Amino acid sequence: GAGHDGEPLALFASPWGTRFPNVDTTTIAGINRANQLHLVQSGIVGMVYSPHLYAGASLFNQAQTGRMFTMLRHPVDRLVSLYFSETRKEGSSS
């Protein structure tokens with residue numbers, strides 16, 4: 001992640017007490033950095049989020065296996081939300 005290159009692996013706390021590692025696994029560059037820092041092998045994280053399934057899988061090995069889960073929204077709820085979002089955009093652009 002930007003701003004953390006060259007820094008050792010560490011956790012930082014949000015104002016709400018949640019702790020996060022100083023790597024960004026939402027980018028390929030961040031996943032590469034997490035691999036270099038042995039993020040999963042360090043044991044400091046219990047979950048890794050990434051939209052890059054195959055690149056993210058490279059963080060794990062036979063000793064530190066990962067599990068994948070997907071969160072989906074009901075398609076009708078998505079369409080209703082999209083409809084109202086688009087109608088609000090059209091109303092604000094005039």
Side-chain angles (χ1 to χ4, degrees):
H4 297 290
D5 293 338
E7 293 181 15
L9 184 60
L11 291 176
F12 65 91
S14 74
W16 304 275
T18 308
R19 299 181 331 155
F20 298 95
N22 60 339
V23 294
D24 180 6
T25 56
T26 64
T27 67
I28 297 296
I31 290 170
N32 291 337
R33 182 167 182 273
N35 266 320
Q36 292 170 350
L37 295 174
H38 306 288
L39 174 67
V40 172
Q41 293 81 4
S42 73
I44 67 169
V45 294
M47 185 187 90
V48 174
Y49 165 81
S50 181
H52 303 285
L53 177 63
Y54 294 109
S58 71
L59 295 170
F60 302 93
N61 59 39
Q62 294 289 331
Q64 288 87 22
T65 59
R67 294 183 182 166
M68 186 182 86
F69 64 92
T70 303
M71 296 177 68
L72 301 173
R73 197 167 161 196
H74 193 282
V76 173
D77 289 341
R78 282 189 67 210
L79 286 173
V80 168
S81 179
L82 178 62
Y83 170 78
F84 284 112
S85 174
E86 291 298 319
T87 56
R88 269 186 256 125
K89 286 180 190 175
E90 290 174 9
S92 66
S93 65
S94 53

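The basis for the numbers below is simple: all heavy atoms, side chains too, and nothing from hydrogens, waters or symmetry mates. The shown structure was predicted, so the numbers you read here are calculated from the model rather than taken from an experiment.
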Quick check: is Val76 connected to Leu72 through a chain of hydrophobic side chains (ILVMFWY, heavy atoms under 4.5 Å apart)?
no

Joint hydrophobic cluster, Ile31 plus Ile44, side-chain heavy atoms closer than 4.5 Å:
yes

Does the [X] side chain pair with the main chain of [Y], one donor and one acceptor, at a distance under 3.5 Å?
X     : Y     : value
Asn22 : Phe12 : no
Ser58 : Ala55 : yes
Thr87 : Tyr83 : yes

Closest heavy-atom contact between [X] and [Y]?
X     : Y     : answer
Arg33 : Glu7  : NH2-O, 2.8 Å
Ser14 : Phe20 : CB-CE1, 4.0 Å
Ser42 : Leu39 : OG-O, 2.6 Å
Pro51 : Thr25 : CD-O, 4.2 Å

In this structure, CG of Leu59 is separated from CG of Asn32 (nearest 0.5 Å) by 9.0 Å

Using 0.5 Å steps for rounding, measure from the CG atom of Asn35 to the CZ atom of Phe60.
10.0 Å

Kindly indicate, with the supporting measurements, whether the criterion side chain to side chain contact (heavy atoms under 4.5 Å, CB included) is fulfilled by Ile28 and His52.
CA-CA 7 Å; Ile28 297 296; His52 303 285; 3.7 Å; yes

Intermediate values then yes/no, side chain to side chain contact (heavy atoms under 4.5 Å, CB included), Gln41 and Asn61:
CA-CA 9 Å; Gln41 293 81 4; Asn61 59 39; 3.0 Å; yes

